[in-house]
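First the proteins, then the strands, lettered A, B, ... as listed; each starts at 1. Remember, it's a predicted structure, so these values are computed and weren't measured experimentally.
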Amino acid sequence: MSESRQEVLSAHFFVESALTQLIERAARATGLFDESFSADIRPADPRFGDFQANGVLPFAKRNKQNPRALAETLASKLQSEPTLDGLAVISVAGPGFINFSLTPRFLLSWLKNFASETSFQSSAKHFLEGKRISIDYSSPNTAKQMHVGHLRSMIIGESIQRILRFCGASVHRDNHIGDWGTQFGILLFAIKKNQVDLATLQEPLEELEKLYKEGYALTKTSEEALNGARSELVKLQQGDAENLHLWQQINAVSYRAFDEIYAEMDIAFDNVWGESFYRDKVDRVYNELHECGVSEESDGAQVVFHRDVEQFKDQPFLIRKSDGASNYASTDLATVLFKVLECGFGEIVYVTDGRQQDHFQQLFLTVKKWFAKKHYPMPELHHVWFGTILGEDGKAIKTRSGDPIRLKELIREAIARAYSIVEEKNPDLAESDKQHIAKAVGLGALRYADLVQNRTNDYVFAWDKLLSFDGNTAPYLLYAVARIHAIFRKAQLPLFDLDNSASAFETPEELALAKKLVAFPFALKQAIDELRPHFICHYLFELSSLFSSFYNANRVLVDETDVKARRFLLCSRTLATLETGLHLLGIKTLHLM
RNA sequence: GGGGGAGUAGCUCAGUGGAUAGAGCAGCGGCCUUCUAAGCCGAAGGUCAAGGGUUCGACUCCCUUCUUCCCCGCCA
């Protein structure tokens, strides 16, 4: 091959994008297509090829031309492309689809170029290079224990954070803890009423939850209690020393409990800028919005109307309560200002429950008007919302009524169930191995069950669903990983030793697996475009499934050196891809299970 | 009343205007003296909620209707 290496198709990590450029360039060279033509390339049904370009059909329609003839002209132009020579087989089918089949030579070349987590990363980083993104997730309220309803923001947020970082963004992880809300009015009122000493409590969080429940019930029945709670909150927000001290004690015990969960789930933040962090920053928000004419007064509260948006014409955005206290809109606005002006983030991602969609739409609209008036840099804002976890009754799992499953308990149960399966499948393993495996499998299954489905769907909480270990689950992927490690252990060879002895792939299983490996960047691209990790889950499951078929049909450790070498190569790339993908989901991989 | 989500196999869910709508689970039939059977192979399973429309082509876009969940001023 005489062309420079960069020009060759197999030198491109993201084949779809390279192919798109190639097709569009070739199309223009025919003189029959103008700038409006786009290749519209996508993975194809394996019966027809590996990629299909559908763009000829709409173009022909717009220009009243015969699509089939146009497609054939373009295809024959592509046949003579030197960069495609011997790497892809091109054909035209149906009304004007152009199909591309990657040749074994292409596959081998690509797999040699992209061989490890490090090499994937150094290519993937071009997707989001230069972006500075702050992501806000988990964000529990203090004074309460985390329950199953807090699971999704943690798991989805952590995965998205890892994916964005892997794809080259500079990511800042923020835990916007609810430590300054109305719950403190009720809590402080109840603590004082019952003369509780927080320092002497055995199970402080349990006690605080009980106090909160009692206090909450009281405010529902007694006007006096309601006013008491309100005035405690106002005193706290005005800096009353006694209330501040109690508030700090409450937060301290909450943080300890959160940190235990985060440690177990392998989650960490760069900053914990809770609502209280912004308490001296909300006045500027009130002043600026008032001064710009974005906000107005209504029933004693400060609100923003978006009358230009049909949906919100009668639904104001309340940014300051009539008693002068801040609410979550105040702190969220202050947060955007701080993150953009003080920290220089160009993009902010919020990972929360879907029930907050209206809030975030109004928040984003308000920021847009406000920042435009003040000529502040306009950030890109994303609300990554997810469906609600429902109880058996089909209603949202609630904090106040009933007792939702505690996160601590869910995690313990996940590991315990995994342990009993390890015990059953592999009783001879050392105890320390069993425990290590149980933890990875149990926590992995929990995470994967949440990530595998499109985040915008609700689902009913069920132990057996969240902690399933069969089929499309983390253990299935982990099992493929463990089997590959077993092959390398048995062969006693390092991962890349035989690359150069590999012959071209031949069996249907080898070819199908190799082609799937080349498609990894597409899954990454889908995940970052929509901020939906389930694309990666589905890709990894299909990859594992193809690996398992390959593993059953094609023995790796055979005598012929070239066959062994190419199967080794497939194993090493499958391993690298699975491990990379699982790590992006926040799942720890195993060598043994 | 306004707005948003969902409705696809018995169950849980994928599906970017593209070719014969796909998985997992459950159930059925096979495969372990060979690199880990937490696996593989096979068969079966569908009025894509209903009805219209747009077009070369609709699960996908538009309209109407039905079912269901959620949000809509001082909670977050």
Side-chain angles (χ1 to χ4, degrees), chain A residues 40 42-45 47-48 52 54 57-58 60-61 67 93-97 99 139 141 176 178 181-183 186 275 298-303 310-323 325 327-329 331-332 352-359 361-362 385 387-388 390 394-396 400 418 421-422 424-426 437 441 449 452-454 456-460 462 464-465 468-473 475-476 478-480 482-491 526 529-530 534-535 537-538 541-542 544-545 548-558 567 571 592-593:
Chain A
D40 188 18
R42 66 188 62 198
D45 186 314
R47 287 187 304 252
F48 306 116
Q52 55 179 312
N54 296 340
L57 282 100
K61 187 173 166 182
F97 304 115
N99 293 325
S139 310
N141 290 336
H176 192 85
T182 312
Q183 79 262 34
I186 293 170
E275 289 172 338
S298 170
D299 296 339
Q302 190 177 353
V303 305
E310 180 65 23
Q311 185 183 344
F312 298 121
K313 67 184 192 342
D314 298 318
Q315 188 180 327
F317 189 46
L318 201 139
I319 63 167
R320 188 183 201 182
K321 299 198 265 186
S322 52
D323 63 4
N327 65 0
Y328 70 132
T331 47
D332 279 354
T352 84
D353 193 286
R355 287 174 293 184
Q356 295 183 45
Q357 284 179 89
D358 281 359
H359 167 75
Q361 283 183 37
Q362 289 175 306
W385 61 273
T388 311
L390 308 172
K395 303 272 184 189
R400 286 172 188 152
I421 292 183
V422 180
E424 173 199 325
K425 305 272 185 192
N426 249 330
I437 293 165
V441 168
V452 71
Q453 77 179 341
N454 197 336
T456 49
N457 287 352
D458 292 348
Y459 65 81
V460 175
D464 289 340
K465 186 181 173 184
S468 154
F469 301 104
D470 294 316
N472 187 358
T473 63
Y476 180 78
L478 291 171
Y479 188 62
R483 279 172 146 185
I484 298 172
H485 278 297
I487 292 173
F488 288 123
R489 266 200 306 277
K490 170 132 186 181
Q526 282 185 303
D529 281 351
E530 296 192 31
H534 81 286
F535 289 117
C537 295
H538 286 283
F541 176 67
E542 285 168 10
S544 299
S545 178
S548 296
S549 301
F550 159 78
Y551 179 92
N552 271 273
N554 300 167
R555 202 177 157 71
V556 177
L557 301 177
V558 293
R567 293 184 179 165
C571 287
L592 185 71
M593 75 181 267

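Evaluation of atom-type donor-acceptor distances gives no pair under 3.5 Å for the side chain of A:Asp332 against the base of B:A76. Scanning atom types as modelled, one donor and one acceptor separated by under 3.5 angstrom connect the side chain of A:Ser322 and the base of B:C74. In terms of polar N and O atoms assigned as donor or acceptor, the side chain of A:Gln52 comes within less than 3.5 Å of the base of B:A19 in a complementary pairing. You won't find any donor-acceptor pair under 3.5 Å spanning the side chain of A:Tyr479 and the base of B:A38, going by distance alone. Evaluation of atom-type donor-acceptor distances gives no pair under 3.5 Å for the side chain of A:Ser468 against the base of B:G24.
Within the nucleic acid shown, A:Ala93 comes within 4.0 Å of at least one base atom, counting heavy atoms only. Residue-level contact check: A:Asp464 touches neither bases nor backbone, having no heavy atom under 4.0 Å from any strand. Within 4.0 Å of A:Gln356, counting heavy atoms only, lies at least one base atom of the nucleic acid. In this structure, A:Arg355 reaches the sugar-phosphate backbone alone: every heavy-atom distance under 4.0 Å involves primed, P, OP1 or OP2 atoms, never a base. Residue contacts for A:Gln526: at a heavy-atom cut-off of 4.0 Å it reaches a base atom on one of the strands shown. Looking at heavy-atom distances under 4.0 Å, A:Lys313 makes no contact with the nucleic acid at all. Using a 4.0 Å heavy-atom cutoff across all strands shown, A:Val460 reaches no nucleic acid atom at all. Using a 4.0 Å heavy-atom distance criterion, A:Phe312 is classed as making no nucleic acid contact. When heavy atoms are screened at a 4.0 angstrom cut-off, A:Pro58 is found touching base atoms of the nucleic acid. Within the 4.0 angstrom heavy-atom criterion, base atoms lie near A:Asp358. Nucleic acid contact for A:Asn454: sugar-phosphate only, since backbone atoms but no base atoms lie under 4.0 Å from a heavy atom of the residue. Within the nucleic acid shown, A:Asn54 comes within 4.0 Å of at least one base atom, counting heavy atoms only.
Rounded to the nearest Å, the gap between the P atom of B:G73 and that of B:U60 is 34 Å. B:G10 sits 14 Å from B:C28 when the C1' atoms are compared, rounded to a whole Å. A distance of about 4 Å separates the C1' atoms of B:C48 and B:U8, rounded to the whole Å. Taking the P atoms as reference points, B:G2 lies 30 Å from B:C59, given to the whole Å. Rounded to the nearest Å, the gap between the C1' atom of B:G52 and that of B:A43 is 39 Å. Atom name C1', nucleotides B:A50 and B:C56: the rounded distance is 27 Å, in whole Å. Going from the C1' atom of B:C62 to that of B:U55 covers 13 Å, rounded to whole Å. Comparing the C1' positions of B:A58 and B:U68 gives an interatomic distance of 25 Å, to the nearest angstrom.
Residue A:Asp458 places its side chain closer to B:C69 than to any other of B:C69, B:U16, B:G3. Side chain of A:Leu318, nearest nucleotide from B:G73, B:C35, B:G4: B:G73. Listed nucleotides: B:A76, B:G57, B:U34. Nearest to the side chain of A:Lys61: B:G57. In this structure, the nucleotide among B:C35, B:A76, B:C25 sitting nearest to the side chain of A:Ile487 is B:C35. Looking at the side chain of A:Ala486, the nearest of the listed nucleotides B:G5, B:C35, B:A38 is B:C35. The side chain of A:Pro475 approaches B:A38 more closely than any other nucleotide in the set B:A76, B:G57, B:A38. Of the listed nucleotides (B:G2, B:G3, B:U36), B:G2 has the atom at the smallest distance from the side chain of A:Gln315. If you check B:C40, B:C56, B:U16 against the side chain of A:Leu57, the one that comes closest is B:C56. Checking B:A38, B:A37, B:U16 against every side-chain atom of A:Lys425, the shortest atom distance belongs to B:A38.
Between the side chain of A:Thr331 and the backbone N or O of A:Tyr328 there is at least one donor-acceptor pair closer than 3.5 Å. A donor-acceptor contact shorter than 3.5 Å is absent between the side chain of A:Gln315 and the backbone of A:Gln362. No donor-acceptor pair under 3.5 Å is formed between the side chain of A:Asn457 and the backbone N or O of A:Gly387. The closest donor-acceptor contact from the side chain of A:Asn552 to the backbone of A:Ser548 lies under 3.5 Å.
A straight line from NE2 of A:His359 to C1' of B:C70 spans 16 Å, rounded to a whole angstrom. Look at CD on A:Gln357: it is 12 Å from P on B:C72, rounded to the nearest Å. Across the protein-nucleic acid pair, A:Asp353 atom CG and B:C69 atom P stand 16 Å apart, rounded to whole Å. Straight-line distance from the CZ atom of A:Arg483 to the P atom of B:C32: 15 Å, rounded to whole Å. Rounded to a whole Å, the CG atom of A:Asn472 is 15 Å from the C1' atom of B:G39. To the nearest angstrom, C1' of B:C40 lies 12 Å from CG of A:Asn554. Following rounding to the nearest Å, A:Asp40 (CG) and B:G57 (C1') show an atom-to-atom distance of 14 Å. Remark: P of B:U36 and CG of A:Asn552 are 12 Å apart, rounded to the nearest angstrom.
Where A:Leu390 and A:Asp314 meet RNA chain B, the nucleotide closest to each residue was compared, and A:Leu390 sits on the side nearer the 5' end. The residue among A:Ala553 and A:Phe541 whose nearest nucleotide of RNA chain B is located toward the 5' end is A:Phe541.
A sub-4.0 Å separation between OP1 or OP2 of B:G18 and a side-chain N or O of A:Arg42 is present. Of the side-chain N and O atoms in A:Lys321, one or more sit less than 4.0 angstrom from OP1 or OP2 of B:C75. Between B:C11 and A:Tyr459, no contact under 4.0 Å exists linking OP1 or OP2 to a side-chain N or O. Between A:Ser549 and B:C41 there is a side-chain N or O to OP1 or OP2 distance below 4.0 Å. Contact annotation: A:Asn457 side-chain N/O to B:A14 OP1/OP2 distance is under 4.0 Å. Contact between the side-chain N/O atoms of A:His534 and the OP1/OP2 oxygens of B:C13 is not found at any separation under 4.0 Å. Taking side-chain N and O atoms only, A:Lys465 has a distance below 4.0 Å to OP1 or OP2 of B:C13.
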Practice task
Convert the base pairs of RNA chain B into dot-bracket notation, remembering that pairs crossing earlier ones are written with [ ] and that bases paired across to another strand are shown as |; include only Watson-Crick or G-U pairs under 3.5 Å.
Solution key: (((((((..((((....[...))))..((((.......))))......(((((..]....))))))))))))....

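Ring planes of A:Phe317 and A:His359: tilted class, angle from 30 to 60°.
A distance cut-off of 5.5 Å between ring centres, combined with a plane angle under 30°, places A:Phe48 in a stacking arrangement with the base of B:A19.
Between A:Lys321 and A:Asp323, no side-chain nitrogen of the basic residue sits less than 4.0 Å from a carboxylate oxygen of the acidic one, so the salt-bridge criterion is not met.
Remark: A:Asn99 CG to A:Arg47 CZ distance equals 11.5 Å, nearest 0.5 Å.
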Exercise for the section: Under the side chain to side chain contact (heavy atoms under 4.5 Å, CB included) rule, what do A:Asn327 and A:Leu318 come out as? Steps first, then yes or no, please. Expected result: CA-CA 8 Å; A:Asn327 65 0; A:Leu318 201 139; 3.5 Å; yes

